[in-house]
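Scope of the values below: all heavy atoms of this structure, side chains included, with no hydrogens, waters or symmetry mates.
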Amino acid sequence: MARPTKGRKVCCLPESNLFGPLQGPPLERQFIHMSVEEYETLRLMDMEGLTQEECAVRMTVARTTVQKIYNDARKKVAHAIVLGQILRIEGGNYELCPEGEPTPRGCGRCRKYSIDNNI
């Protein structure tokens, strides 16, 4: 019997959950579905520059789990860009960090807790 998966910690949901090409009718395009935890690994590792180990601590999962989630997320982004498909971020197995917790998991640069959202 498989072990039940526990929710991965996610700081906040994305402001936008649809990304794709501006040309052509969107109804004719296929959607690529990305989970919220895949989005979170991209945010933590690519935007914040964390290592897999640091990302694993933030999300309360094993480093190997982060590695798999990150690789899956990168493939989905590449397919969306190369094939001109729409990327939809939704669902998954995650838990949002509690609202009252100041700078959850050492985060301070996430959109939820930052004043200046500029890159």
Side-chain angles (χ1 to χ4, degrees):
M1 181 173 200
R3 197 172 87 196
T5 58
K6 60 183 200 177
R8 287 104 185 215
K9 295 289 182 190
V10 171
C11 194
C12 56
L13 298 175
E15 279 187 40
S16 300
N17 70 337
L18 285 176
F19 302 90
L22 299 175
Q23 299 172 337
L27 296 177
E28 295 178 8
R29 299 189 187 276
Q30 289 185 334
F31 285 90
I32 294 179
H33 295 276
M34 176 182 281
S35 68
V36 173
E37 58 264 32
E38 289 170 333
Y39 159 81
E40 182 74 350
T41 59
L42 287 175
R43 186 185 73 77
L44 290 173
M45 293 175 63
D46 292 340
M47 273 192 62
E48 290 197 21
L50 300 183
T51 64
Q52 289 180 359
E53 291 82 11
E54 293 167 328
C55 184
V57 169
R58 291 255 189 107
M59 294 180 71
T60 65
V61 295
R63 185 201 55 78
T64 54
T65 302
V66 166
Q67 184 178 30
K68 181 186 179 330
I69 294 169
Y70 181 68
N71 287 336
D72 291 345
R74 286 180 46 219
K75 286 179 186 175
K76 290 177 182 181
V77 169
H79 276 91
I81 292 171
V82 172
L83 301 176
Q85 296 177 331
I86 297 171
L87 184 67
R88 177 180 287 186
I89 302 171
E90 64 184 359
N93 186 16
Y94 65 93
E95 298 173 9
L96 290 174
C97 292
E99 283 290 331
E101 186 178 317
T103 61
R105 316 243 172 288
C107 179
R109 292 177 269 175
C110 120
R111 181 177 48 76
K112 184 175 174 183
Y113 290 94
S114 70
I115 296 170
D116 183 16
N117 290 334
N118 295 332
I119 293 176

Problem set entry | Close side-chain approach of R58 to E48, heavy-atom, < 4.5 Å | yes
Problem set entry | Heavy-atom closest contact (G92 atom, S35 atom, distance) | CA-CB, 4.0 Å
Problem set entry | Distance (rounded to the nearest 0.5 Å) between R43 CZ and E37 CD | 13.5 Å
Exercise. Quick one: are Q52 and T41 in side-chain contact, heavy atoms under 4.5 Å?
Worked result: no
Problem set entry | Lys NZ or Arg CZ of R88 over F31 ring: under 6.0 Å, within 45° | yes
Exercise. Which heavy-atom pair separates V36 from V10 by the least distance, and what is that distance?
Worked result: CG1-CG1, 3.8 Å
For this session: Would you give the length of the straight line joining atom CZ of R8 to atom CG of N93, rounded to the nearest 0.5 angstrom?
Result: 5.5 Å
For this session: Test L18 against L87 for side-chain contact (heavy atoms from CB on, under 4.5 Å), laying out the working first.
Result: CA-CA 6 Å; L18 285 176; L87 184 67; over 6 Å; no
Problem set entry | E38 to I69 - nearest heavy-atom pair and separation | CA-CG2, 3.6 Å
For this session: List the steps, then state whether side chain to side chain donor-acceptor pair (under 3.5 Å) holds for N17 with Y39.
Result: CA-CA 10 Å; N17 70 337; Y39 159 81; over 6 Å; no
Problem set entry | Note, F19 side chain near I89 side chain (heavy atom, < 4.5 Å) | yes
For this session: Looking only at non-hydrogen atoms, find the nearest pair between M34 and A73 and report the distance.
Result: CE-O, 3.6 Å
For this session: Please report the closest heavy-atom contact between P21 and G84, naming both atoms and the distance.
Result: CG-O, 3.2 Å
Exercise. So, do I86 and Q30 sit near enough that their side-chain heavy atoms are less than 4.5 Å apart?
Worked result: no
For this session: Answer yes or no: is there an ion pair linking D72 with K76, defined by an N-O contact shorter than 4.0 Å?
Result: no
Problem set entry | Pairwise side-chain contact, V66 with M45, heavy-atom cut-off 4.5 Å (strictly under) | yes
Exercise. Below 4.5 Å, heavy atoms only, C-beta onward: do E40 and L44 meet side chain to side chain?
Worked result: yes
Problem set entry | Side-chain heavy atoms of R74 within contact of L42, under 4.5 Å | yes
For this session: List the atom of A80, the atom of I32, and the distance in Å for their closest heavy-atom pair.
Result: N-CD1, 3.4 Å
Problem set entry | More than 12 heavy atoms of other groups within 6.0 Å of H79 NE2 | no
